[in-house]
Chemist: 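Quick one: this structure, given as structure tokens, is what I'll be asking you about.
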There are 2 protein chains.
Amino acid sequence: MDARNWDQAIRKLGKKATPQRKAILTALSQQDKPATVDEIFIEVREHQKTSLSTVYRNLELLFSQGLINKQGFPGEKARYSLKRDTHEHTLVCIDCRKIVAITGCPLESYAVEIGLRENFVVLDHRMEMYGYCQKCSQIRGRVSD
Amino acid sequence: MDARNWDQAIRKLGKKATPQRKAILTALSQQDKPATVDEIFIEVREHQKTSLSTVYRNLELLFSQGLINKQGFPGEKARYSLKRDTHEHTLVCIDCRKIVAITGCPLESYAVEIGLRENFVVLDHRMEMYGYCQKCSQIRGRVSD
DNA sequence: TAATAAATGCAAATCATTCCTATTACTAAA
DNA sequence: TTTAGTAATAGGAATGATTTGCATTTATTA
Ligand SMILES: [Mn+2]
Ligand SMILES: [Mn+2]
Ligand SMILES: [Zn+2]
Ligand SMILES: [Zn+2]
């Protein structure tokens, strides 16, 4: 999705293409990793007058419309990122919170299969894996316990 | 882990085996799916005087000590479950919210594979599929575009 | 340009979770 | 068994992210 097309993308949802919305999408497109609401707010505010609640409202809107991802651990701030062409799964380090995107979906054929078996029209799915990144697993070593 | 052994399990952590802690583990062992803190609180309170903060503190303790799982997407309440050998995936109807448990995990070998490929120690994962249950897909028919 | 519904900004409200502190009760030692 | 010492609890207040209500502004469409 190209920056010049945010206007169109928003209208396609049947929503108004406000400068705030376009700025939010632009800010997201500049992030190289999922960002918190206040990080996004700070970036947007540099280019466009806005309020924190507007950022919250629109991130939630864009998420519910499927344009962006929302992820994070319970009790932690949510993180948002632009949805790239393919849907994305992640590996998350439970120590340092590093996130690694998994390329390729291991569930495509399974989604069809389980849909047939359980009489469900499966439209989407969500999957994340948790563990330790290389660095954190080295730091911990076999120390703990 | 057997219910009668909670006492020992807690002591093994170097912690005091209080009735509250034992009751929390018992409550978790009775849940068939990950439960929120207040669900656990309500159950525990039926058998043992306790406070919400005690439940919070101990769930966090048990989680950090590796006896239980903690999961949940941001914005949702955290959910805790006893660590068991198997875990569970679900199909969720986005219309009526019906939930169907999927038996069997389609990601077991993939978890190992991706861990090796990405240098991650993969410990756990979460996966849910979304769509329409049979009833709701019939009601909607092919209406939605 | 005018009509109108949608969106914004700001403040106040919510809600899960954490923190504080006086009191209680496990535990290990005597 | 009693006791001292310390960890844990109860309950209430505090916190911090997210949400909501409402008056005002703005994008859209004709
Ligand atoms: Mn910038
Ligand atoms: Mn019960
Ligand atoms: Zn890490
Ligand atoms: Zn349904």
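Every chain is numbered from 1 and lettered A, B, ... according to where its sequence line falls, protein lines coming before strand lines. Only this structure's heavy atoms are used, side chains among them; waters, hydrogens and symmetry mates stay out.
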Chemist: Could you measure the distance from the NE2 atom of B:H47 to the CD atom of B:Q30? Nearest 0.5 Å is fine.
Modeler: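 Rounded to the nearest 0.5 Å, the NE2-CD separation comes out at 6.0 Å.
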Chemist: Working to the nearest 0.5 Å, report the span between CD1 of A:I102 and CE of A:M127.
Modeler: 4.5 Å
Chemist: For B:E113, does the CD atom sit with more than 12 other heavy atoms under 6.0 Å from it, leaving out its own atoms?
Modeler: yes
Chemist: How close or far is atom C1' of D:dT18 from atom CZ of A:F41, stated in whole angstroms?
Modeler: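 After rounding, the reported distance stands at 14 Å.
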Chemist: Let me know which of A:Q71, A:E39, A:E60 forms a side chain to side chain donor-acceptor pair (under 3.5 Å) with A:Y80.
Modeler: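 Result: among A:Q71, A:E39, A:E60, A:E60 is the only option passing the side chain to side chain donor-acceptor pair (under 3.5 Å) with A:Y80.
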Chemist: From OH of B:Y80 over to C1' of C:dT17, roughly how many Å is that when rounded to an integer?
Modeler: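 So the two atoms are 9 Å apart, to the nearest Å.
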Chemist: Heavy atoms under 4.0 Å is the rule here; annotate nucleotides 7-17 of chain D 5' to 3' with B where the base is hit, S where only the sugar-phosphate is, and - elsewhere.
Modeler: BSBBBB----S
Chemist: Look up atom CG in B:L67 and atom NZ in B:K83, then write down how far apart they are to the nearest 0.5 Å.
Modeler: 8.0 Å
Chemist: Rounded to whole Å, please give me the gap between CD1 in A:I10 and P in D:dT26.
Modeler: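 The distance from CD1 of A:I10 to P of D:dT26 comes to 17 Å, rounded to the nearest Å.
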Chemist: Please round to the nearest 0.5 Å and tell me the distance separating atom CD of B:E118 and atom CG of A:L91.
Modeler: 6.0 Å
Chemist: Nearest 0.5 Å please: distance from the CD atom of B:Q48 over to the OG1 atom of B:T54.
Modeler: 10.0 Å
Chemist: What integer distance in Å separates A:L62:CG from C:dA7:P?
Modeler: 11 Å
Chemist: Please state how far atom NZ in B:K70 lies from atom C1' in C:dA16, giving the value in whole angstrom units.
Modeler: 11 Å
Chemist: At what angle, to 10 degrees, do the two end axes of the helix from C:dT1-D:dA30 to C:dA30-D:dT1 meet, given five pairs define each axis?
Modeler: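 Its terminal axes enclose an angle near 40°.
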Chemist: If I take atom CZ in residue A:R11 and atom P in nucleotide C:dA6, what distance separates them, rounded to the nearest angstrom?
Modeler: 15 Å
Chemist: With hydrophobic residues grouped by side-chain heavy-atom distances under 4.5 Å, do A:I99 and B:L123 end up in a single group?
Modeler: yes
Chemist: How many Å lie between CD on B:Q8 and P on C:dT27, as a whole number?
Modeler: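 Distance check: B:Q8 CD to C:dT27 P gives 12 Å.
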Chemist: Rounded to the nearest angstrom, tell me the gap between atom CD1 in B:I42 and atom P in C:dA16.
Modeler: 11 Å
Chemist: Mind checking the CD1-CG spacing from A:I24 to A:L61? Nearest 0.5 Å is all I need.
Modeler: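 Atom-to-atom, A:I24:CD1 and A:L61:CG are 9.5 Å apart.
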